[in-house]
Amino acid sequence: MNNKKILVTGGAGYIGSHVVQQLGAADEQVIILDNLSTGFKAAVTSGELVVGDTGDENLLNRLFSEHEIDTVMHFAAHTIVPESVADPLKYYRNNTANSRTLLDAANRHHVKHVVFSSTAAVYGVLSEGKASEKCATNPINPYGTSKLMTEWMLRDLNIAGGPSYVALRYFNVAGCDPSGLIGQSTPNATLLVKVACEVAVGSREQVAVFGTDYPTPDGTGLRDYIHVEDLASAHLAALRYLRSGGDSTTLNCGYGHGYSVREVLAAVARANGKPLTVVEEPRREGDPPELVAIADRVRSVLDWQPKFDDLDKIVSSSLAWERKISARDPSAYWPD
Ligand code: UD1
């Protein structure tokens, strides 16, 4: 255990809460800053929860003054691609401007390291197929742009003597804590696996396939689905790497192979033991046809080994959580 604390913004959210759980298991001391706009108090299984905003400078100054924080893990963000297309300034305020406020406060209080939750959406549509960290970044939606701007702030601040950082570019995160204690409870979900599991348990009528005319093997979108437990363990590996003096870097977080929308829906139906109600719809705005990682560097740089690289395991854990949510109250987002 390190005697310094970790500030986790967005630690009551889907990915942040899985990281907090693993940090707790590793005996790290954690302060969670979350405004609970999409997160849940009950998702915080370890550490001290402070309800507030990453854009609140006074609160940040207080937290950094009161606690010896050496690392910030920054998850707090809006994450819905179509919403970012409809309301870009919402994304630039929360994901970019609030990140600037956070980095400014962290830097002034001599925080040493930042682990940043970035996204594969920074790549946009790739002409060269799979995404390596060397590919040009050309986001095609404000969500991706809002995150890329934070990557740039981290880079420039580090050059100017600020914290060292690891920016993790997430591909498609899915699955839940296999013990069933925490899971994905985002209201009004748009993510494919979550939506399909809601259909499987009967809390949603149907799942749409957005676009069947993409230049992909079965005409539907291809994505690299990574289990949230593996993604969370990559954050702990990034923490160890930075604390042992690793240089700032940006890493893809995926498994390096993709599944189509139809393959994901088939896996959910398999896990559920019966077919889902599926309809076909036009392409969704802001969606690239294919986003799959070249994911070698995260393994070698962070010495990270995934444990759940299996679509059936991923969707089964999501489905188990969805069943747990819907068992008592179909309109609830978190089980009692
Ligand atoms: C997700 C991430 C984004 C990341 C990207 C990486 C979130 C909110 N988004 O976006 O940050 O950059 O992965 O690849 O975490 N689809 C359907 N029907 C549905 C929902 C989705 O057909 O009801 C299709 C989409 O068109 C897409 C695929 O399923 O082809 C995945 O979509 P989704 O789960 O929404 O994630 P992304 O948009 O890829």
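As the structure lists them, so they are numbered: ligands from 1, and atoms in each ligand from 1.
Using a 4.0 Å cut-off between a side-chain N of Lys or Arg and a carboxylate O of Asp or Glu, Arg262 and Glu280 qualify as a salt bridge. Using a 4.0 Å cut-off between charged nitrogen and carboxylate oxygen, Asp213 and Arg283 count as a salt-bridge pair. Ionic pairing of Lys5 and Glu68 is not present here: no N-O contact between side-chain nitrogen and carboxylate oxygen is shorter than 4.0 angstrom.
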query: Can you list the steps and then say if Ser99 with His74 is a side chain to side chain donor-acceptor pair (under 3.5 Å)?
result: CA-CA 8 Å; Ser99 293; His74 181 31; 2.8 Å; yes
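In this structure, atom 16 (N) of ligand 1 lies nearest to the protein heavy atom Phe210 CD1, 3.7 Å. Summary of contacts: the protein heavy atom closest to atom 39 (O) of ligand 1 is Arg223 NE, 2.7 Å. Among protein heavy atoms, the minimum distance from atom 34 (O) of ligand 1 is reached at Leu192 N, 2.7 Å. Atom 10 (O) of ligand 1 has Asn172 ND2, 4.0 Å as its closest protein atom, hydrogens excluded (heavy atom only). Closest protein heavy atom to atom 24 (C) of ligand 1: Val261 CG2, 3.6 Å. Nearest to atom 2 (C) of ligand 1 among the protein's heavy atoms is Leu191 CD2, 4.4 Å.
Ligand-side atoms of ligand 1 in range of Gly221: 30 (O), range being under 4.0 angstrom from any heavy atom. The atoms of ligand 1 that sit less than 4.0 Å from any heavy atom of Thr79 are 7 (C), 8 (C), 9 (N). Of all atoms in ligand 1, listed by their number and element, those nearer than 4.0 Å to a heavy atom of Tyr225 are 28 (C), 31 (C). Taking every non-hydrogen atom of Tyr143 and a distance limit under 4.0 Å, the qualifying atoms of ligand 1 come out as 3 (C), 11 (O). Ligand 1 places these atoms under 4.0 Å from at least one heavy atom of Ala208: 17 (C), 18 (N), 19 (C), 22 (O), 23 (O). Every atom of ligand 1 is numbered from 1 in the order shown, and the set under 4.0 Å from a heavy atom of Ala121 is 12 (O). Of all the atoms in ligand 1, the ones that sit under 4.0 Å from a non-hydrogen atom of Arg284 are 20 (C), 21 (C), 25 (C), 32 (O), 33 (P), 35 (O), 38 (O). Taking every non-hydrogen atom of Thr190 and a distance limit under 4.0 Å, the qualifying atoms of ligand 1 come out as 20 (C), 35 (O).
Taking the centre of each ring, Phe75 and His235 come in below the 6.0 Å mark.
When hydrophobic clusters are built by joining Ile, Leu, Val, Met, Phe, Trp and Tyr residues whose side-chain heavy atoms come closer than 4.5 Å, directly or via intermediates, Leu7 is not grouped with Val115.
With a 4.0 Å cut-off on non-hydrogen atoms, Leu291 touches ligand 1 through its side chain and not its backbone. The side chain of Asp287, and not its backbone, has at least one atom closer than 4.0 Å to an atom of ligand 1 (non-hydrogen atoms only; side chain from C-beta on).
Donor-acceptor pairing under 3.5 Å is recorded for the side chains of Tyr91 and Glu83. For the 3.5 Å distance criterion, the side chains of Thr249 and Arg297 qualify, holding a donor opposite an acceptor.
Of all the heavy atoms in Leu148 and Val122, the pair that sits closest is CB-CG1, 3.8 Å.
For the residues Thr216, Val173, Thr119, Val193, the heavy atom positioned nearest atom 4 (C) of ligand 1 is part of Thr119.
Under the 30°/60° scheme for interplanar angles, the aromatic rings of Tyr14 and His18 are found to stand perpendicular.
Judged by the 6.0 Å distance and 45° axis criteria, Arg108 is not positioned over the aromatic ring of Phe64.
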